[in-house]
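Quick note on labels: first sequence line is chain A, next is B, and so on, each numbered from 1.
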Amino acid sequence: MPEGPVITRFAPSPTGHLHIGGARSALFCWAFARRAELEHRARGGTPGQGGRFMIRIEDTDQARSSDESARGILEDLAWLGIEWDDGPTLDLANPDGTRRTIGSHARDVGSYFQARRVAVYNAYIDHLMSIGRAYPAFDTAEELDKLRKQATAAKQTFKYPRPADFTFGQPCTARIDRAKKGEPHVVRFAMDSAAVVVRDEILGEVKIAPGEVDDFVIRKADGFPTYHFAVVIDDELMGVTHVMRAQEHLANTPRHVALQRALTRLDTHQPFRTPSFAHMPLIMNMDGSKMSKRDKAKAARKAAKDAIAKPPAPGAAPLTPASLAQSLNQDPKLVADFLAGENDNLDLAGQIAALLNVTLPEIEVYDFRRNGYLPEAIINFIALLGWNPGMKLPDGKDLEKFDAAFMAERFSVDRVGKTPAKFDRAKLQSFNADAINALTDAQFAAKWRAFLAEYEPHVLARLDARGSAAFTILAAAVKPRARTLRDGINAVRFALVADDDVAFDPKAIDKLRSPDAKNAAPGAPPRTGVELLAASRERLSALPTADWTVPAIHTLLEQLAQQLGVGIGQLAQPLRVGVTGAGVSPGIAETLAALGRESVLRRLDRCHRAAVV
RNA sequence: GGCCCCGUCGUCUAGCCUGGUCCAGGACACUACCCUUUCACGGUAGUGACAUGGGUUCGAAUCCCAUCGGGGUCACCA
C-alpha cells in the first residue's frame with residue numbers, strides 16, 4: 001500500500017443493537033489501525049498519518065434503519081472502549097461528569113452516513129451506465145420471484161438473465177430513457193466475464209470462476225444504493241486500505257472486486273484500488289448455529305409456549321396467548337404472531353422474558369452490559385475468538401489475559417484463525433469473574449453501585465436503606481462471589497428481604513433443634529443449635545449499635561466460641577439460619593454487620609420462635 | 001442443490017507455514033483432594049483431542065489426495 005495511512009473501517013447497519021460479532025470485527029479493525037499508528041509514531045511519523053480507524057453508518061435500508069439504533073451502536077462501541085478517529089461524532093458524559101467527544105471528522109470525506117451520500121453514488125451509477133457497465137432493469141419483484149422458483153424447481157441456481165437489448169460496454173439508451181421518464185426500475189451492474197481472484201490475508205487466494213456472479217442490483221427502486229455498491233464507492237472515496245470483516249462477506253467480495261475493476265474516480269480519473277481483504281471466522285452458538293439476534297426471539301417464544309402448555313399453579317389462572325398479551329399490555333395479534341413465529345419482535349421477546357423470569361441468550365453488546373459483564377472481560381474474550389497472541393508466560397502457560405492496549409501493540413492478521421468459534425458463555429463468565437476480582441474493593445463497590453443504579457435501582461435502594469457502611473461491607477463480600485455484576489445480587493438476597501419475610505428452611509430449622517456432638521464443649525453433653533443461637537443472641541444484643549462492626553462482631557463471636565468450647569463455625573451456622581433462613585451467606589461477621597443490629601436481633605427472635613414451637 | 005470456506009480435548013486454542021524436541025501444551029468447564037465459618041475465593045491433582053482412509057517420508061498433528069462432517073452464500077438486507 002502507498003504513502004497514506006492504513007485506514008480500517010467498521011460499517012454497521014443501524015438496524016438494532018451492536019451484535020457481539022460486530023464488536024469483534026470492530027475490535028480487530030481498531031487494533032489493526034492502532035498498531036499501524038503506534039509503529040508510525042515510533043518511527044517519528046506525523047500523528048494520525050500511520051493508522052486510522054473509521055466508523056461508517058450503512059443506513060441505506062430505509063425501512064429498517066434508525067437514528068436511535070445508530071446512536072446505540074456508537075454508545076456500545078464507546079462503552080467497550082473502541083474509539084474511532086473518523087466517523088459520526090458521539091458526545092458522551094464521563095463518569096466524573098465531564099464530557100468527551102468521539103469521532104472528529106478529521107478527514108474531509110463527506111458524511112459518514114450513507115443515506116446522506118446518495119448524490120455521490122448516483123454520479124457513479126450514471127457513469128457506469130454511460131460506459132455500458134450498468135443498466136436499468138424493470139422487472140417486478142413478482143417476476144423475479146417466479147424466475148427464482150423455476151430455477152429452484154429445475155434444481156438450478158438462479159442467475160439474473162442479462163437482457164437481450166443490453167450490450168456489454170454500450171450504454172443502453174432505450175432503457176436509460178425509460179428510467180428517466182420515471183418508470184420504476186433498479187440499476188444492475190453488468191458483470192464482466194473474467195474470473196475473480198480474491199487475495200485474502202487470512203484465507204489465502206479464493207478463486208471464483210467466470211459466470212458465477214450475475215448482474216446484481218446496485219441501485220434499488222427507492223433510489224438508494226445497495227450495500228455492495230455503497231461499500232465499494234465509500235471505501236475508495238474514504239481511503240480504506242484494509243477491509244476486515246466476517247467470513248459471511250467472503251462470497252460478496254467478488255462483486256466488490258469486479259466493481260472496483262470497472263470503476264474510475266470521477267475526481268482524479270484514477271482507477272479504483274482494491275483494498276487488502278481479511279475475512280474473519282464467524283462466531284457461532286454452542287450448538288453450531290450462527291449467533292443471531294433471532295435466537296433471543298426463539299428463546300422467548302419457547303419460554304412462552306412452555307408456560308402456556310404448563311398446568312397453572314394452584315389457584316392461578318392458566319396462561320394463554322390472550323392473557324399474556326394482556327399482562328404485557330401488548331396487541332394480542334402481535335403476541336399471537338410472535339408465538340406463531342410470524343415475527344421476531346425483540347422488544348416483545350424482552351418483555352416476555354421479564355414477565356416469565358427467564359434469561360434470554362446474550363447476543364448483543366447491550367445484553368452483556370445489562371447482565372453485568374465488564375467491558376474489559378468482553379474485549380479480552382472476543383479477541384480470543386479468532387485471534388491469540390501466540391505468546392507463553394514464564395511458567396509455560398499460554399498468555400490469554402490481555403487488554404485492548406496490548407492488542408494495539410501486538411495485533412496482526414496472520415495470527416487470526418480460519419475456523420469458526422463457538423461462543424462459550426461459561427468461559428466468558430470466568431473471564432468476567434477474573435476481571436471483577438482484579439478490581440480493588442473500592443473500585444468494585446463503585447462499579448456495582450453504578451450498575452445497580454442503572455439496571456436494578458430497587459435493589460440498590462434496599463441496600464442503601466441499611467446505611468452507608470452496609471453497602472461497603474456487602475460489596476466487598478460480593479466481589480469474590482460474583483461472576484457478573486448482576487450475579488452479585490444473588491449473594492446479598494438476605495439483605496433484600498424484610499426482616500419479617502425471611503423464610504426459614506424447614507430442614508435447617510430441624511437441624512437447629514437436634515443436639516449435635518460438635519456443638520458440645522470437650523467432655524460435655526451435646527448442645528442444640530437453638531441453644532447456641534440463644535447464647536449468640538444474648539451476647540450480640542449487648543453489643544451497642546455504635547460498635548456494630550465487622551471486627552467487633554468477629555471478636556465477640558470468637559470469644560464466645562472459646563468460652564463455650566466450640567468452633568466458631570458452630571456459632572456461625574445457627575446464626576446464618578437465623579438471619580438468612582438457610583445455611584449459606586458471606587462471612588458471618590460481614591453478614592451480621594451489613595444487616596445491622598436491629599434487623600439481626602429481630603430475625604434471630606423470629607427464628608427462635610420458629611424453632612421452639 | 002451450485003459456488004466458496006473450514007475440520008487438534010465438550011468449548012476457546014498452542015503446535016502446522018520451516019516434518020522428528022508432541023504417546024500433543026495451556027485456558028474454560030467437569031471430577032477429586034486441600035484450605036475453610038456455610039457459600040464462594042484460592043491451591044493441588046485428574047479425566048479429556050490431532051474427523052476417517054490412502055499416499056509421500058527413515059519419520060506426519062504438521063506435506064499431498066480422497067471421503068466424511070460442519071459452516072457461509074446464492075435479496076431491490078447489510
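- Atom-to-atom, NE2 of A/His279 to P of B/C5 comes out at 12 Å; the value is rounded to the nearest Å.
- Rounded to the nearest Å, the gap between the P atom of B/U67 and that of B/G26 is 37 Å.
- Two rings, from A/Phe216 and A/Tyr160, have their centers 6.0 Å or more apart.
- Distance CZ (A/Arg576) to P (B/U36): 15 Å, rounded to an integer number of Å.
- With distances taken from any side-chain atom of A/Thr419 to the nucleotides B/U8, B/U38, B/C77, the minimum falls on B/U8.
- Considering only the side chain of A/Asp398, B/A14 comes nearest among B/C5, B/A78, B/A14.
- Between A/Asp510 and A/Arg513, at least one side-chain N (NZ, or NE/NH1/NH2) sits under 4.0 Å from a carboxylate O, which counts as a salt bridge.
- Judged by atom type and distance alone, A/Lys427 reaches the base of B/A27 through a side-chain donor-acceptor pair under 3.5 Å.
- In this structure, A/Phe381 places its CZ atom 12 Å from C1' of B/A29, rounding to the nearest Å.
- Put simply, A/Arg483 has a side-chain N or O that comes within less than 4.0 Å of OP1 or OP2 on B/A29.
- Taking the nucleotide of RNA chain B with the nearest heavy atom to each of A/Lys392 and A/Asp434, the more 5' of the two is matched to A/Lys392.
- Of the side-chain N and O atoms in A/Thr60, one or more sit less than 4.0 angstrom from OP1 or OP2 of B/A78.
- Classification of A/Lys293 and A/Asp344 as a salt-bridged pair fails, no side-chain N sitting under 4.0 Å from a carboxylate O.
- Which of B/G71, B/U8, B/C76 sits closest to the side chain of A/Met284 comes down to B/G71.
- The partner of B/C68, taking Watson-Crick or G-U wobble pairs whose two distances both stay under 3.5 Å, is B/G7.
- Side-chain proximity of A/Ser13 to B/A78, B/G26, B/A29: nearest is B/A78.
- Ring centroid separation for the pair A/Phe423 and A/Phe381 comes in under the 6.0 Å cut-off.
- Nucleotide B/C3 holds its C1' atom 16 Å from the CZ atom of A/Phe158, rounded to whole Å.
- With B/C74, B/C76, B/U13 as the choices, the nucleotide that has an atom nearest any side-chain atom of A/Asn388 turns out to be B/U13.
- Distance from the side chain of A/Pro480 is smallest to B/C41 among B/G26, B/C41, B/C76.
- Rounding to whole angstrom units, CD of residue A/Glu205 and P of B/C5 are separated by 11 Å.
- Put simply, the side chain of A/Arg481 and the base of B/C39 share a donor and an acceptor less than 3.5 Å apart.
- With B/A78, B/C5, B/G26 as the candidates, the nucleotide lying closest to the side chain of A/His228 is B/A78.
- When distances run from any side-chain atom of A/Ala572 to the nucleotides B/U38, B/A78, B/U37, the shortest one goes to B/U37.
- Along RNA chain B, the nucleotide closest to A/Asn252 and the one closest to A/Pro281 are compared, and the more 5′ of them pairs with A/Pro281.
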